[in-house]
Number of protein chains: 4
Amino acid sequence: MAVMVKAVRAAARKKPKQERSLAMVEALLQAAARVFVKEGYAKATTNRIAAAAGVSVGSLYQYFPSKDAIAVELLRRYRDGLVALVAARLERVDRVSFGPIVRDLLCDLLQAEGINPALHRVLIEQVLRTTARREMLGFEERLEAVIVGALRASDADLDHELAAFILVRVVLAVVQSVVVDRPKLNTPDLVDELTRLVVGYVGFDVERRPRR
Amino acid sequence: MAVMVKAVRAAARKKPKQERSLAMVEALLQAAARVFVKEGYAKATTNRIAAAAGVSVGSLYQYFPSKDAIAVELLRRYRDGLVALVAARLERVDRVSFGPIVRDLLCDLLQAEGINPALHRVLIEQVLRTTARREMLGFEERLEAVIVGALRASDADLDHELAAFILVRVVLAVVQSVVVDRPKLNTPDLVDELTRLVVGYVGFDVERRPRR
Amino acid sequence: MAVMVKAVRAAARKKPKQERSLAMVEALLQAAARVFVKEGYAKATTNRIAAAAGVSVGSLYQYFPSKDAIAVELLRRYRDGLVALVAARLERVDRVSFGPIVRDLLCDLLQAEGINPALHRVLIEQVLRTTARREMLGFEERLEAVIVGALRASDADLDHELAAFILVRVVLAVVQSVVVDRPKLNTPDLVDELTRLVVGYVGFDVERRPRR
Amino acid sequence: MAVMVKAVRAAARKKPKQERSLAMVEALLQAAARVFVKEGYAKATTNRIAAAAGVSVGSLYQYFPSKDAIAVELLRRYRDGLVALVAARLERVDRVSFGPIVRDLLCDLLQAEGINPALHRVLIEQVLRTTARREMLGFEERLEAVIVGALRASDADLDHELAAFILVRVVLAVVQSVVVDRPKLNTPDLVDELTRLVVGYVGFDVERRPRR
DNA sequence: AATGAATGAGTTTTCATTCAT
DNA sequence: GATGAATGAAAACTCATTCAT
């Protein structure tokens with residue numbers, strides 16, 4: 001969730017009304033994220049979300065036209081945050097720094113602070129049923145584009161597009177599974193392995209750590 | 001075969017039209033799969049499923065105690081099939097045959113025969129909210145166990161458990177994403193890349209195919 | 001339930017088919033009585049009743065056109081039995097024998113064997129909604145008629161009709177409440193008191209038993 | 001006043017339109033009473049009750065968690081009213097005033113004001129299946145306690161508890177039967193007879209009115 | 001005749017959304 | 001703007017009844 005903050009707080013500042021509005025929207029989104037993860041989309045009633053945010057249902061509908069709209073916005077922010085995070089990390093990557101930067105990125109992603117795959121999992125199916133489907137589908141593509149850029153900058157010797165497609169799925173899948181289902185596996189060893197997997201696949205050398 | 005509680009109870013009586021019952025259960029499951037994928041879990045009402053199967057709601061409830069039970073059974077079958085497929089393929093793997101066998105397995109998985117990731121995606125969130133959660137979570141573990149066996153048989157030089165965990169996620173994620181979202185990418189090149197990824201990660205040599 | 005047997009077993013004897021039919025009807029009625037009392041009318045499904053009788057629903061509908069029909073028949077038999085019992089007891093009543101006969105009758109009624117007020121209570125509301133309402137409403141009247149006869153035979157000095165109306169309600173109410181809700185009160189003392197109440201009301205002398 | 005769980009919870013918040021809520025609860029209870037009596041418990045669907053009250057089903061469920069809850073509340077009110085009435089009448093009874101007070105009480109009861117035995121009859125069976133059974137069973141006990149008090153105050157020479165048990169059933173049964181089934185019998189003569197029955201049973205003298 | 005699987009109308013109940021205050 | 005009571009469409013599920021075997 002932390003991921004999805006930066007982008008926002010931009011416009012509007014003076015009018016206390018707008019400030020209140022913003023605060024309410026934030027409160028609602030955070031409450032919704034909590035309730036969605038805890039109860040699942042179906043059981044997350046708008047009343048419950050509003051209550052969790054400390055406001056009335058009526059107010060919720062003042063800011064979001066529907067329950068779906070909340071999910072869409074939540075997913076959008078989540079994804080934007082994720083893309084921004086990855087893009088920022090990979091901004092200055094090159095052949096030499098590739099390994100360490102990947103490692104750092106993986107560490108970021110594996111911190112529950114930087115990513116909330118449980119939320120993603122709850123939302124994805126619902127949002128895809130939405131008219132916002134189009135918009136949402138761009139997400140992986142945007143991530144891929146960032147990766148393609150990094151591969152190009154590192155002059156990796158493989159099909160950049162295909163590799164980016166694969167890498168996005170690989171990393172997200174492992175990270176999500178670890179964070180949601182196997183927090184026990186969230187260790188430096190895992191980071192090592194994933195780094196080795198990625199760097200090796202891309203074709204750069206990695207010194208193997210001797211097996212325990 | 002195991003078809004929820006009620007069906008079992010029904011099957012426990014003599015066996016009058018056991019055939020008809022079985023056919024009905026199959027029809028219901030297939031209809032449910034279709035409706036779940038097409039409409040999403042929420043919109044897939046029991047009435048709609050029954051209608052799609054050409055039977056009455058009452059009959060549906062004769063064989064499944066609830067909508068969730070259908071989802072659970074569907075997921076169970078899907079996963080059982082997947083585990084069986086992988087286990088069969090890897091049965092006689094060794095260091096030498098590792099590469100080709102992995103390649104063949106990937107081909108199988110990418111053929112989407114017997115694999116329906118769209119369905120999987122619709123079900124997973126819902127079923128995880130179910131009491132069947134435990135049973136379902138065992139799926140990845142079972143797959144991992146199979147992989148661990150293969151790694152051991154191939155005498156791979158890495159942490160078998162951790163590697164198995166990673167490989168299961170990696171392969172499933174890429175395969176499912178391709179099948180569901182990017183059928184265009186479903187080419188021999190993809191198989192090559194994935195094979196290379198897996199074999200390379202496990203530490204066996206792969207001859208790089210020259211980049212196009 | 002025992003009350004409601006005598007009247008029936010009349011016609012038919014030879015044909016084994018009819019015998020089986022009769023047996024089935026009996027089994028169904030007894031099973032229904034049990035299930036109605038135990039579960040209440042609403043929860044007493046026809047399947048459950050059939051199962052309790054050891055037959056199939058289909059067979060149930062062979063003999064009774066509807067669930068209501070079972071209730072109606074049950075109530076009819078119950079009431080017929082009760083009227084018959086009371087009539088038999090009061091047949092030869094006169095001013096002298098009035099007290100002892102009333103006492104005996106009360107003893108009969110208070111034996112769970114002779115009366116099943118719980119069943120009566122479950123059925124009455126439902127059956128009154130039935131088209132059989134008319135027929136059933138005659139019950140109290142028939143009992144009253146019997147009582148009127150007894151009062152006349154005993155040459156009691158009061159409004160026979162009004163007294164009969166009152167006595168029927170009084171006795172049934174107390175008996176039902178005792179049997180259903182307060183079996184602990186089902187003692188000789190109760191019989192004494194009720195006898196005294198009735199005999200006193202009718203205007204005949206009763207020797208008061210000294211208070212404990 | 002005590003209006004089921006949800007209502008209480010609702011009432012616990014500030015008190016916005018407490019009035020409207022109360023009015024709605026009243027409307028629902030009255031509508032329910034009407035529908036229960038007219039259609040029977042089974043046919044009295046929550047939708048029908050809500051419609052009869054001129055509100056939506058949703059509102060019904062805002063105030064009552066279930067159909068049973070309505071029945072329970074209705075029965076509770078009915079019984080509370082009855083106990084209060086009897087208790088008020090008997091408050092200052094003594095040996096001398098016993099007869100006239102009983103007569104007045106019977107008149108009250110037979111006026112059917114505040115007494116609705118038809119409703120009572122519909123509800124009793126259903127509510128007894130409820131978890132509220134215990135509470136409801138307390139009703140007769142409370143009435144009996146009031147009667148015991150009256151008998152003691154009047155220094156009646158009999159087993160107070162047993163007599164109270166009997167008297168409660170006797171009076172209620174006759175009164176209810178008259179009101180529901182034989183309004184024609186609702187005459188001064190009936191009051192006389194019942195008074196005579198009660199007073200005679202309790203052991204006080206009653207001057208017999210000469211028979212018509 | 002007996003069986004019990006199949007039917008589907010009808011019930012209870014929930015919850016996204018509206019709107020009077 | 002904020003509130004939360006009211007709405008009512010829609011869903012899950014039951015069970016009396018039918019009918020093919």
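By convention in this document, chain letters (A, B, ...) are assigned in the order of the sequence lines, proteins followed by strands, and residues within each chain are numbered from 1.
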- Item | Lys/Arg-Asp/Glu bridge criterion (N-O < 4.0 Å) met for B:Glu135, B:Arg79 | no

- Task: Might you point out which heavy atoms bring D:Ala53 and D:Ala27 nearest each other, and give the distance in Å?
- Result: CB-O, 3.7 Å

- Kindly give the heavy-atom pair with the smallest separation between A:Ala42 and A:Lys67, and that separation in Å.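 Nearest pair, atom of A:Ala42 first, then A:Lys67: O-NZ, 3.7 Å.
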
Rounded to whole Å, please give me the gap between [atom1] in [X] and [atom2] in [N].
{"X": "D:Arg48", "N": "E:dA9", "atom1": "CZ", "atom2": "C1'", "value": "14 Å"}
{"X": "C:Leu60", "N": "E:dG4", "atom1": "CG", "atom2": "P", "value": "13 Å"}
{"X": "A:Gln62", "N": "E:dT17", "atom1": "CD", "atom2": "P", "value": "15 Å"}
{"X": "D:Tyr61", "N": "F:dA11", "atom1": "OH", "atom2": "C1'", "value": "13 Å"}
{"X": "A:Tyr63", "N": "E:dT17", "atom1": "OH", "atom2": "C1'", "value": "18 Å"}
{"X": "C:Asp68", "N": "F:dA16", "atom1": "CG", "atom2": "P", "value": "10 Å"}
{"X": "D:Leu22", "N": "F:dA6", "atom1": "CG", "atom2": "P", "value": "11 Å"}
{"X": "A:Lys43", "N": "E:dA16", "atom1": "NZ", "atom2": "P", "value": "13 Å"}

Minimum-distance nucleotide to [X] side chain [options: [options]]:
{"X": "B:Val57", "options": "E:dA16, E:dG8, F:dG4", "answer": "E:dG8"}
{"X": "A:Thr46", "options": "E:dA6, F:dT3, E:dT17", "answer": "E:dT17"}
{"X": "C:Lys67", "options": "E:dA16, F:dA16, E:dA6", "answer": "F:dA16"}
{"X": "B:Met24", "options": "F:dC13, E:dT17, E:dA6", "answer": "E:dA6"}

- Query: What does E:dA2 pair with, Watson-Crick or G-U, if both distances are under 3.5 Å?
  - Reply: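 Pairing partner, where one exists within any strand: F:dT21.
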
- Using purine N1 to pyrimidine N3 plus N6-O4 or O6-N4 for Watson-Crick, or N1-O2 and O6-N3 for G-U wobble, both under 3.5 Å, which nucleotide pairs with E:dT13?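 WC or wobble partner is F:dA10.
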
- Task: Take the angle between the ring planes of A:Phe36 and A:Tyr41 and call it parallel below 30°, perpendicular above 60°, tilted in between.
- Result: parallel

- Message: Students often get this wrong, so: under 4.0 angstrom with heavy atoms, is D:Thr45 touching a base, only sugar-phosphate, or nothing?
- Response: sugar-phosphate

- Query: D:Ser59 near the nucleic acid: base, sugar-phosphate alone, or nothing, with a heavy-atom cut-off under 4.0 Å?
  - Reply: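 Since a base atom lies under 4.0 Å of D:Ser59, the category is base.
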
- Going from CZ on A:Arg77 to CG on A:Leu29, what distance comes out if it is rounded to the nearest 0.5 angstrom?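 Result: 5.0 Å between the selected atoms.
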
- Message: Quick check on DNA chain F: between C:Ala42 and A:Asn47, whose nearest nucleotide comes earlier from the 5' end?
- Response: A:Asn47

- DNA chain F nearest-nucleotide lookup for C:Ala44 and A:Val55: closer to the 5′ end is A:Val55

- Comparing C:Gly58 with D:Gly58, nearest DNA chain E nucleotide closer to 5' gives the residue C:Gly58

- Item | Under 4.0 angstrom between A:Ser56 side-chain N/O and F:dG4 OP1 or OP2 | no

